[in-house]
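Just below is one structure, and these are the notes that go with it.
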Amino acid sequence: VGRCISTVPLLEELARRRARRQEQLEEQRVSAALEPEQSEVTEASHDSEAGLLHEVQQRLKELGGLDVDAHPELVKLLAVQRAEAVALATQIQEAEHEIEVKTAALSILEHKVK
């Protein structure tokens with residue numbers, strides 16, 4: 001019982017730290033989504049084949065934003081959804097690149113074995 005009593009404050013502190021970290025991550029995500037899309041477009045232009053990521057960014061740009069008098073929570077929600085869409089497109093693009101690399105490696109190995 002004594003060990004449990006001494007452990008509870010440690011667990012509470014750990015939970016507070018995790019909650020603060022989660023809030024910080026969420027704030028970073030929202031602030032990144034609220035930044036002008038200019039930085040995202042310049043990142044995409046550095047890639048010779050922007051592909052899906054560029055297409056997603058273009059479509060988000062075409063959709064535009066909310067009115068100035070829109071509810072702040074709605075603005076945050078939209079920003080988070082935009083950030084998630086860009087992150088998902090990036091993950092898909094990275095996975096496609098990884099598949100291409102592995103396919104090329106397999107092709108090279110097959111030619112060396114023959």
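Bear in mind the structure is a predicted one, so any value in this text is a computation, not a measurement. The basis for the numbers below is simple: all heavy atoms, side chains too, and nothing from hydrogens, waters or symmetry mates.
Around CD of Gln22, the count of heavy atoms belonging to other residues, nucleotides or ligands within 6.0 Å does not exceed 12. Atom CZ of Arg16 sits in a crowded spot, with more than 12 heavy atoms from other residues, nucleotides or ligands closer than 6.0 Å.
The shortest heavy-atom contact between Leu52 and Gln93 is N-NE2, 4.0 Å. Pairing each heavy atom of Val56 with each of Ala89, the nearest pair is CG2-CB, 3.8 Å.
Atom CG of residue Leu53 and atom CD of residue Glu94 lie 9.5 Å apart, to the nearest 0.5 angstrom. Between atom CD1 of residue Ile108 and atom OG1 of residue Thr103 there is a gap of 11.0 Å, rounded to the nearest 0.5 Å. Atom NZ of Lys76 and atom CD of Glu73 lie 5.0 Å apart (nearest 0.5 Å). Taking CZ from Arg21 and CZ from Arg18, the interatomic distance works out to 12.5 Å, rounded to the nearest 0.5 Å. Distance check: His54 NE2 to Lys61 NZ gives 9.0 Å after rounding to the nearest 0.5 Å.
With hydrogens and angles disregarded, a donor-acceptor distance shorter than 3.5 Å links the side chain of Thr90 to the backbone of Val86.
Residues Gln81 and Leu77 form a side-chain contact, since some pair of their non-hydrogen atoms from C-beta on lies under 4.5 Å apart.
In the hydrophobic cluster analysis, where Ile, Leu, Val, Met, Phe, Trp and Tyr join through side-chain heavy atoms closer than 4.5 angstrom, Leu88 is grouped together with Leu63.
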